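Predicted, not measured: the structure shown is a model, and the values here were computed from it.
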Amino acid sequence: MKIKTICCIGAGYVGGPTMSIIAQKCPHIKITVVDVNASRIAAWNDNNLNRLPIFEPELNDVVKEVRGRNLFFSTDVGKAIDEADMIFISVNTPTKTYGKGKGMAADLKYIELCARQIAKVAKQNKIVVEKSTLPVRTASAIKSILDNTGNGVQFQILSNPEFLAEGTAVQNLLKPDRVLIGGDTSTNEGEVAIQALVEIYSNWVPKKQILTTNVWSSELSKLTANAFLAQRVSSINAMSEICEKTGADIKEVSKAIGMDSRIGSKFLNASVGFGGSCFQKDILNLVYIARSYGLNEVADYWEQVVIMNEHQKNRFSDNIVSTLYNTVSGKKITFLGWAFKKDTNDTRESAAIKVADNLLNEQARISVYDPKVPKEKVYTDLDYLNTRSSSENKSLLTVNKDPYEACKNSHAISILTEWDEFKSYDWEGIYKNMQKPAFIFDGRGLLNKGELEKIGFIYYNIGTGN
Ligand code: NAD
Ligand code: UDX
């Protein structure tokens, strides 16, 4: 079966970049990305490519090449579903904030709405692809909705989880370590659907890197991959605390263990804590699934990864307070970085939010600079916590467009995101304009301790004892 038209529901951090690359590599396929968020779609259609809704290196060039050729962005969800041979569901699956499983389970309401809309609209057989990260066995719920509310047409459900990381999405999509496709391997129709998706990816991904499995393995592999990655960060962060007590240096420890080929060198950077929309949500979901099967030891094991991450964020802000003579009340503390990692404008679950909230509880005044995060987003992130009123957040925290202004007169600078530009700042100039003693709390191990100490800073790094 040859796919000629694709619809992708959800024009977010996954739907937008993924469909841009498929469109680039498959000019023979017409792709329409749809979303209920009209302003997001308008931004994807903006003539000024710098106003695309997400910032992702190299993405603008790809969008420029394919938009209007075989990639379209629209709010007309029904029409795009109707026209498509294959429908990707790429909507958000956040942690539930209400009812059973609140704070743990994935909220599948957006997925169900998609399934119902597909069922209502479809007049021909369709292949439905789960691109969103979903709890294992969600495909059976989607199938049940489609089969029971549809117009009698046949649906095949595939699971094709996305492994891109933000900030490197384009390169990850162009050269994926693997593409995973789960489907109904027990029927001929299932095999045909799997092969239709394999054929799309084989336009640029070597066949041996396209892995096909049953649906449940595919769904569970995505949760497993994120749990393992997050576990590495929590493991190295746990060691960073021991380093600070013992005089060992976490960078030396990371290098020493990373050279063991069984461990590998990636994902061993100690930090102020992992953020992003996926790790915490997916682990909590895994914990919830394990508990729902009565697997309490399994659940406890994985939950500890999230508990350790909370601890890492809290101890970072605690260290700032205790180092600044046990009071930050009225003191200006500058945050360099607000995004959850460099090269993205995404702030979901960013460690900066929790660290700021903790310091604001201590009545610090915070000044934030991030190269890509707009002012309104910083305030929305803080307001969402509901710790204090929106007007209090506005009066205690300011957002600066200029990093040097942000640092002026502050008692301490805190590095929350590893943006490259921070490394080449005029640190001598910054030092001159700060209160003394001038402190730096480097939550990313980004800056050069020796150079900064030479200037006069008191420098604290995660995982290095002073
Ligand atoms: P996102 O919030 O950036 O985008 C989701 C979009 O779906 C939103 O624009 C929303 O308006 C839209 N939407 C929701 N319900 C809709 C509906 N019924 N009809 C039309 N549009 C609808 O989310 P994201 O970061 O792109 O993540 C999407 C999925 O991919 C999640 O399941 C996530 O876990 C998974 N994932 C994310 C990443 C990542 O790096 N962000 C990586 C891999 C997998
Ligand atoms: C993650 C997964 O890597 C990706 O495969 C999945 O598809 C989505 O979730 P993402 O959240 O975009 O991607 O970024 P990632 O690079 O994994 O970083 C997540 C968080 O961990 C960031 O806050 C990052 O700063 C932190 N991190 C990562 C560390 O603190 N140390 C590390 O060594 C690596």
Side-chain angles (χ1 to χ4, degrees), residues 49-50 54-61 165-171 240 249-252 254-255 265-276 316 320 323 332-347 350-352 355-356 366-375 377-378 398-464 466:
L49 289 162
N50 291 322
I54 70 173
F55 169 73
E56 193 58 66
E58 303 176 76
L59 182 63
N60 290 11
D61 290 340
E166 289 176 27
T168 51
V170 171
Q171 284 307 316
S240 74
D249 183 324
I250 198 64
K251 284 195 176 162
E252 292 178 350
S254 290
K255 188 168 179 197
S265 61
K266 293 181 182 162
F267 254 73
L268 288 179
N269 292 324
S271 68
V272 55
F274 61 74
F316 186 76
I320 295 179
T323 307
K332 179 176 174 183
I333 299 175
T334 302
F335 276 30
L336 291 181
W338 189 264
F340 81 96
K341 64 186 283 197
K342 74 171 178 177
D343 292 339
T344 179
N345 60 347
D346 196 350
T347 64
S350 178
V355 174
I366 297 179
S367 156
V368 178
Y369 167 78
D370 186 288
K372 290 290 173 195
V373 177
K375 187 175 175 172
K377 188 82 197 79
V378 176
T398 52
V399 183
N400 271 278
K401 282 206 166 103
D402 175 28
Y404 294 94
E405 267 313 303
C407 293
K408 218 175 246 175
N409 288 325
S410 66
H411 290 258
I413 292 171
S414 178
I415 311 284
L416 275 309
T417 313
E418 72 284 19
W419 286 102
D420 289 328
E421 66 173 58
F422 300 162
K423 290 190 266 189
S424 54
Y425 281 0
D426 168 15
W427 285 102
E428 278 202 54
I430 290 174
Y431 178 77
K432 277 189 197 125
N433 286 324
M434 282 177 69
Q435 304 281 340
K436 305 297 172 334
F439 294 91
I440 294 186
F441 297 89
D442 188 345
R444 297 289 182 165
L446 184 76
L447 303 177
N448 186 314
K449 178 180 163 80
E451 280 172 20
L452 292 168
E453 286 180 342
K454 217 158 96 195
I455 294 172
F457 283 107
I458 301 176
Y459 175 84
Y460 284 86
N461 192 10
I462 300 259
T464 318
N466 275 56

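Using a distance-only test at 3.5 Å, with no hydrogens or angles considered, a donor-acceptor pair links the side chain of Tyr404 to the main chain of Asp426.
Minimum heavy-atom separation, Thr334 to Cys407: OG1-CA, 3.5 Å. When all heavy atoms of Gly445 and Asn461 are compared, the closest pair comes out as CA-OD1, 3.2 Å. Nearest approach of Trp427 to Ile440, heavy atoms of both residues: CZ3-CD1, 3.9 Å. Of all the heavy atoms in Phe316 and Gly443, the pair that sits closest is CE1-CA, 3.5 Å.
Between Ile333 and Phe441, the closest side-chain pair of non-hydrogen atoms is not below 4.5 Å. Looking at heavy atoms from C-beta onward, Lys372 lies out of side-chain contact with Thr344 at the 4.5 angstrom threshold. Contact check for Met434 versus Asn409: no side-chain heavy atoms found under the 4.5 Å cut-off.
For the atom pair CG of Leu447 and CD1 of Ile415, the computed distance is 4.5 Å after rounding to the nearest 0.5 Å.
Scored by the salt bridge (charged side-chain N to carboxylate O under 4.0 Å, His left out) test, Glu405 finds Lys408 as partners (sequence neighbours excluded).
For NZ of Lys436, the number of neighbouring non-hydrogen atoms (other residues, nucleotides, ligands) closer than 6.0 Å is greater than 12.
Taking the six-membered ring for Trp and thresholds of 30 and 60 degrees, Phe55 and Trp419 have ring planes inclined between 30 and 60 degrees apart.
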